[in-house]
Amino acid sequence: MAQIQTPQPVRGTQSMLGEEADRFHAVVAAFDRVRRLFGFKRVEVPVLEPTAVFSRSLGETTDVVSNEMYTFEDRGGDSVTLRPEFTAGIARAYLSEGWQQYAPLKVATHGAAFRYERPQKGRFRQFHQLDAEIIGAGEPQADVEVLLFADQLLRELGLGKTVVLKLNTLGDPATRQAWRDALYEHFNARAADLSPDSRDRLERNPVRILDSKAHGDWPIVDSAPVIDDFLTSEAADFFAAVTAGLDAAGVRWERAPRLVRGLDYYRHTAFEFMTDTLGAQGTVVAGGRYDGLIEALGGPHTPAIGWAAGIERLAMMIDAPPPEQPEAVLVPLGEAAEKAATKLLAELRRDGIAADMAYRGNMKKRMQRAAASGAGHAVILGDAELEAGVAQVKDLATGEQRAVALELVNTAIRA
RNA sequence: GCGAUCGUAGCUCAGUUGGUUAGAGCAUCGGUUUGUGGUACCGAGGGUCGCGGGUUCAAGUCCCGUCGGUCGCCCCA
C-alpha cells in the first residue's frame with residue numbers, strides 16, 4: 001500500500017487556533033475601532049499585482065525587490081507578484097481606480113503580505129499587516145494625523161509604555177541628495193575601516209551604513225555628517241511643524257537622526273515605533289512620507305504618507321484576550337429532549353445568547369464538556385423536564401441549579 | 001544567502017558509559033456511574049525515535065549527509 005505523505009505547510013506560513021488566533025483578531029479589532037475614530041476609510045486591494053507595481057515603486061536595488069519577492073508568471077505569461085507590502089498597491093489603485101477624485105484620501109486596510117526570507121521570531125514569509133495611508137496631502141498635519149492614529153492604536157493595545165516612537169526627517173529631494181553625497185564622501189574616505197557589509201552598501205545605498213550593526217563601524221558612523229546640516233529651510237520648517245503637532249497632542253517621541261528607510265520612495269518624515277521585547281525584530285510600526293511614489297507609478301506628483309504595522313508582532317506583545325466562551329451549553333438526555341434542545345438552542349442564539357449543545361457521551365461526559373467550554377450555565381433537558389415544560393439551569397460557577405420554564409431560560413442565563 | 005541550536009506519541013518532555021519488548025504527564029476514547037461538571041480510580045488506542053547512509057555483536061543514544069523547526073546575521077512589519 002502506498003504511503004500517503006501528509007503535506008507540510010509552506011515554510012514561513014502559519015495556522016492559528018485558540019489564543020494565538022484570538023490575539024491576532026484582537027489586534028485587528030482594535031485597529032478597526034481606531035480607524036473609525038480617525039475617519040480612515042476601509043479599502044480592499046488585491047494580494048496579487050503586476051510585478052512592475054513593486055519593482056518601480058520600492059526601488060530596483062532594494063532587498064525586497066531584488067531577492068525577497070514572490071514573483072511568478074501567470075498562465076498568460078504576465079509577471080505577477082504577491083504583495084510584499086501594501087503601500088504600492090494602494091498607490092496603484094489610487095491611480096487606476098479613479099480615487100484621485102477623493103483626495104485627500106484617508107484609507108486603511110489589513111491583510112496578508114509575502115516576503116521570501118528566513119523565518120524567525122516575529123518574521124514570516126506570509127505575514128500580516130495593518131496599513132494606514134493619507135494620499136494627496138502634503139501638509140505636516142497629515143503626518144501628525146497618521147502618527148496619532150498609530151499612537152492611539154498602540155495605547156489601546158496596552159502597549160503605550162513598551163513602545164517608543166523614533167522619529168527622523170529625510171528632508172526634501174534636494175536635502176537628501178546633498179546629504180547622500182556628503183555621506184558617500186565621508187564613508188568612502190574611511191572605506192578601509194568599514195565592515196564588509198557596509199563597504200557593499202557604499203555604492204548601493206550609503207545612507208544604510210548609518211544603521212550598521214557592526215560595532216567597528218560605529219565610530220565612523222558617529223562622526224558622519226548629520227542630516228540637520230543639509231536640511232533646506234523648507235524641510236526644517238516641515239519637520240518642526242510635525243514635531244510641534246505631536247507635542248500638542250501629547251505624544252512622546254525621540255529624535256533618531258540615524259533612522260533611515262529601506263525603501264527608496266521615502267521623503268521628509270520617517271518613523272518607527274520600536275520595542276525591545278521582540279528580539280531582533282523590534283520594529284512594530286514603520287512608515288513615513290512618500291511624496292515621490294505615485295509619480296514613480298506614472299501618476300501626477302502626489303504627496304502621501306502612511307505606515308504599516310506587523311500584526312503578528314503586535315499580537316505577541318499584547319495581553320492575552322479573554323477566550324471566547326458560550327454563555328450556556330445545553331445538555332439533552334434522550335431523543336425527545338435532543339429535539340427540544342435543538343429548538344431551544346436556536347431560540348437562544350436568535351436572542352443573541354452564545355450557546356452550544358453537548359450531544360456526545362453519557363450525562364457525565366456532557367457535563368464535562370459543558371464545564372470545559374467555560375460556559376456560565378448548563379441547561380439540562382430530560383424527559384422529566386420536558387413533561388413539566390422546564391429545563392434545569394445550573395450555574396456552573398456556584399453549582400446552584402433550579403427548574404426554569406423553557407420560555408424563561410434566556411432571562412435565567414442572562415441573570 | 002550565512003551562522004548557531006534542536007528534531008522521541010496529537011502536545012510538553014524523560015530515556016544512564018550504546019544493551020532485551022522506548023516511557024510519563026496532558027489530550028482523546030471506554031469504564032467505575034443510561035440524570036449532574038470543574039475532584040478520584042481502572043483500562044484502551046496512539047511511535048518506521050524527522051529521513052538516508054555509516055560504525056558496532058548491538059544505535060533513540062556515536063559519526064556523516066539531508067530535510068524540518070527555532071534563534072541570530074543580512075534585511076525588514
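Protein chains get the first letters and strands the later ones, always in sequence-line order, with residue 1 at the start of each. This one's a predicted model, so the numbers in the text were calculated from it and none came from an experiment.
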Quiz item: Rounded to whole angstrom units, what separation is found between the CE atom of A:Met316 and the C1' atom of B:C71?
Solution: 13 Å
Practice problem: Nearest whole angstrom, please: distance from the C1' of B:G1 to the CZ of A:Arg115. | Solution: 17 Å
Quiz item: A:Leu95: what forms a side chain to side chain contact (heavy atoms under 4.5 Å, CB included) with it, not counting sequence neighbours?
Solution: A:Gln100, A:Ile294, A:Leu297, A:Pro300
Exercise. Determine the sole option in A:Arg42, A:Gln129, A:Arg35 for which the side-chain hydrogen bond (donor to acceptor under 3.5 Å, both in side chains) test with A:His110 is passed.
Key: A:Arg42
Self-check item: Counterpart residues, side chain to side chain contact (heavy atoms under 4.5 Å, CB included), relative to A:Thr398 (two or more places apart)
Solution: A:Asp395, A:Glu400
Exercise. Could you tell me whether A:Ala286 contacts a base, only the sugar-phosphate backbone, or nothing, with contacts defined as non-hydrogen atoms closer than 4.0 Å?
Key: sugar-phosphate
Exercise. Please determine if a side-chain N or O atom of A:Arg11 lies less than 4.0 Å away from the OP1 or OP2 oxygen of B:G69.
Key: yes
Provide a list of protein-nucleic acid N or O atom pairs under 3.5 angstrom, restricted to nucleotides 28-32 of chain B.
unit_1	atom_1	unit_2	atom_2	d
B:C29	OP1	A:Arg369	NH2	2.5

Practice problem: Can you sort out the partners of A:Arg402 under side chain to side chain contact (heavy atoms under 4.5 Å, CB included), two or more places apart, ordered by chain and number? | Solution: A:Val404, A:Ala412
Quiz item: Does anything in residues 395-407 of chain A reach RNA chain B, meaning a heavy atom under 4.0 Å, and if so which residues?
Solution: A:Leu396, A:Ala397, A:Gly399, A:Gln401
Practice problem: Name the nucleic acid region contacted by A:Glu117, choosing base, sugar-phosphate or nothing; use a 4.0 angstrom heavy-atom cut-off, strictly under. | Solution: base
Self-check item: Sequence neighbours excluded, every pair satisfying side-chain hydrogen bond (donor to acceptor under 3.5 Å, both in side chains) that has a member inside residues 308-323 of chain A
Solution: A:Gln14-A:Glu312, A:His128-A:Glu312
Self-check item: Nucleotide pairing, RNA chain B (Watson-Crick or G-U, distances under 3.5 Å), in dot-bracket with [ ] and |
Solution: (((((((..((((.....[...)))).(((((.......))))).....(((((..]....))))))))))))....
Quiz item: Which is true for A:Gln14 with a 4.0 Å heavy-atom rule: it touches a base, it touches only sugar-phosphate, or it touches nothing?
Solution: nothing
Quiz item: What residues form a side chain to side chain contact (heavy atoms under 4.5 Å, CB included) with A:Val45, not counting sequence neighbours?
Solution: A:Arg83, A:Phe86, A:Ile90, A:Ala93, A:Trp99
Quiz item: What residues, two or more places apart in sequence or in another chain, satisfy ring pair (Phe, Tyr, Trp, His ring centres under 6.0 Å) together with A:Phe40?
Solution: A:Phe149
Quiz prompt | Under the ring pair (Phe, Tyr, Trp, His ring centres under 6.0 Å) test, residues paired with A:His377 that sit two or more places apart | solution = none
Polar atom pairs between nucleotides 2-13 of chain B and protein, under 3.5 Å, N or O only, would you list them?
unit_1	atom_1	unit_2	atom_2	d
B:C2	N4	A:Arg118	NH1	3.1

Practice problem: Using a 4.0 Å heavy-atom cut-off across all strands, classify A:Gln120 as base, sugar-phosphate, or nothing. | Solution: base
Quiz item: Considering residues at least two apart in sequence or located in another chain, which fulfil the ring pair (Phe, Tyr, Trp, His ring centres under 6.0 Å) criterion with A:Tyr359?
Solution: none
